[in-house]
Amino acid sequence: MSDSQSAPTGDIPADFIRSIITEDRAAGAYDGRVVTRFPPEPNGYLHIGHAKSICLNFGVGEQYTGARCHMRFDDTNPTREDIEYVESILADVKWLGFDWDEHLYYASDYFEQLYEYAEQLIRDGNAYVDSLTADEIRDYRGTLTEPGRESPDRNRPSEESLDLFRRMRAGEFEDGEYVLRAKIDMASPNVNMRDPVLYRIRHAEHHRTGDDWCIYPMYDYAHSLSDSIEGITHSLCTLEFEDHRPLYDWCQEALGIYRSRQIEFARLNLTHTVMSKRMLRRLVEDEYVMGWDDPRMPTLSALRRRGYTPESIRDMCERVGVARRNTVTELALLEHCLREDLNQRAPRRMAVLNPLKVVITNYPEGESEEFRAVNNPEDDSMGTRSVPFSREIYIERDDFMEDPPRRFYRLAPGREVRLRYACLITCTDVVKDVDGNVVEVHCTYDPESRGGNAPDGRRVQGTIHWVSAAHAKKFEIRLYDNLFTDPDPAGAASESGDDFVDLINADSLEVVTAMVEPGLAAAEPGDRFQFERLGYFCADPDSKAGVPVFNRTTTLRDSWARISRRQE
RNA sequence: UGGGGAUUAGUCUAGUGGUAAGACGCCUGACUCUGGAUCAGGUAUCACAGGUUCGAAUCCUGUAUCCCCAGCCA
């Protein structure tokens, strides 16, 4: 048996971070506690990349007994933040299925305490108020290969710095007049350690503290201390903060406060999309997409609207794992996770996206009947439904070919196929317009095959979906394709010197009016279905009562498409 | 030699001195009232070059390539 106290709950993935945590527990570090945190700045919408961090931090918080994960907003820059973002972020984390219980925090809640700590740094000679301008500070900082120079204010007596710092807080100075700097090492090979700025003056209204403050702490300082204040044991962040770790440690050490450990991991990148905030904002603001939740965006709100399940996203994050290597995960993995999930739970329906009329010439005019259709072959408990059938139906244009190639086993002149759940039909005639386009197909049906099989046991190769013309509803369906056909749009753009928006897939959105089975009129926004042989679809919030609008979440795997492509 | 990281199949991840594992993708085939799902099989010698060792993806040395850092952003 395992030793009870340090035993993790359930199966824990063996990534390097969890290995560290498990070892720490076994060694009794942090009194056996495990506390992580997810710390976004409320200045934008969460995207699929954030999902990895959320799954990691909240995942760890769930997997070890007694562990927890704090939800914390790193709201230290009032000029770019807004309450709108904190609300959307909270909603997205909840949607993914995570819970912070009562542990919702804001760095801004610690402003007073952070200020006190800053005074302590000054008193201890570990920080000073500097009057250099932003340009001068940059100049004094040196370069990557040359050491920096000390500011003339570096040896300002601490009483004087203390006085100036208090007056900074009191609002006696303009933005930029003074900053508080840590006194570390201007010659450090790590430029982050060359007396980094800890506080700046910003006469701006903060979305939570209003105008209580006109000085705001910088990220490195606020983050390190917030972690310490909350007793975070493992502070998990992305690779680009690696060079900040010495400063993170310095802040806690100089103050002699609780020590947290920062551990960096590689962020998630996905093919066929962009993930940088700058690019996503551009797509929205220049109206290449309809908004942050346009179903083609990689934001969590967009994926939700498109029909992705939170389970599929979490599954993908788990499969991708956690490591320190910069990588790009194939979109195909996310799509696989999605299909696997939806295959189990999405009820089946029939819809024809690109209709071709079929007249069943030996079926009595004006009559109709109903066939029993299985709602989900993967789950009997989902039951069956009845689908109306009549003399005229619609089938998919792609399911008929006048002159079919090898291995095409759908409808063609003289061929017999099965209408799913209904009966066998044989094509007897083709009606064309003056230009020679097929506008209608005539078939006969075998009355003995009602239900789908012929009593003589003969087999057909193809089964196609259909909708009764007399009963069909016409609904709008939005078909989405990747926003970028290039797997690495950001990389391709920077390599060729093009603007990344020039790489946008012109066919990323196609709107069609489809013929669908009548029962679908009752679909509510958010309802997901599999339209048989086509893909997964989700009713959009744009739906009106009785008139849903569907988004295609993703297609089904299509091996015929691959075969026919290869035959060309 | 500015500093810090990384390098295992098309992609992601495991393996931490004993003869490369899993997932996605792709390819074969079986099955099928979704060309879906499912099932079976296939798909790399571990960036490179040396060295240590009976034995190296794992240890040592060197080389190469890629990523991050010079905001009063996070």
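Reminder, nothing fancy here: chain letters follow the sequence lines and each chain counts from 1. Computed from a predicted structure; not experimentally measured.
Taking 3.5 Å as the limit, the base of B/G5 and the side chain of A/Glu240 contain no donor-acceptor pair of atoms between them. Between the base of B/G35 and the side chain of A/Gln461 there is no donor-acceptor pair shorter than 3.5 Å. Between the base of B/G35 and the side chain of A/Arg410 there is a donor-acceptor pair shorter than 3.5 Å. On a pure distance criterion of 3.5 Å, a polar donor-acceptor pair joins the side chain of A/Arg348 and the base of B/U34.
A salt bridge does not link A/Asp558 with A/Arg533: every distance from a Lys NZ or Arg NE/NH1/NH2 to an Asp or Glu carboxylate oxygen is 4.0 Å or more. Under the 4.0 Å criterion applied to side-chain N and carboxylate O atoms, A/Glu340 and A/Arg319 are assigned as salt-bridge partners. A/Arg420 and A/Glu532 are joined by a salt bridge, as a carboxylate oxygen and a charged side-chain nitrogen come within less than 4.0 angstrom of each other. In this structure, A/Glu81 does not pair ionically with A/Arg208, as no charged nitrogen and carboxylate oxygen lie closer than 4.0 Å.
Contact check, A/Arg141 against B/G71: a side-chain N or O comes under 4.0 Å of OP1 or OP2. Contact check, A/Arg566 against B/U28: a side-chain N or O comes under 4.0 Å of OP1 or OP2. Within the 4.0 Å cut-off from OP1 or OP2 of B/C66, not a single side-chain nitrogen or oxygen of A/Arg325 is found. A sub-4.0 Å separation between OP1 or OP2 of B/A37 and a side-chain N or O of A/Arg533 is absent.
At least one donor-acceptor pair under 3.5 Å links the side chain of A/Glu136 to the backbone N or O of A/Thr133.
The side chain of A/Pro377 lies closest to B/U34 when the candidates are B/U34, B/A74, B/G3. Across B/G2, B/C24, B/A74, the shortest atom-to-atom separation from the side chain of A/Asp74 is found for B/A74. Minimum atom distance to the side chain of A/Ala323 is reached by B/U13, of the listed B/G25, B/G2, B/U13.
Contacts of A/Thr133 with the nucleic acid, taken as non-hydrogen atoms under 4.0 Å apart, include base atoms. A/Ile201 comes within 4.0 angstrom of no nucleic acid atom, judged by non-hydrogen atoms across all strands. Residue contacts for A/Asp243: at a heavy-atom cut-off of 4.0 Å it reaches a base atom on one of the strands shown.
A stacked arrangement is assigned to A/Trp560 and the six-membered base ring of B/G35, with a centre-to-centre distance below 5.5 Å and an interplanar angle below 30°.
Atom CZ of A/Arg339 and atom P of B/G35 are 15 Å apart (whole Å).
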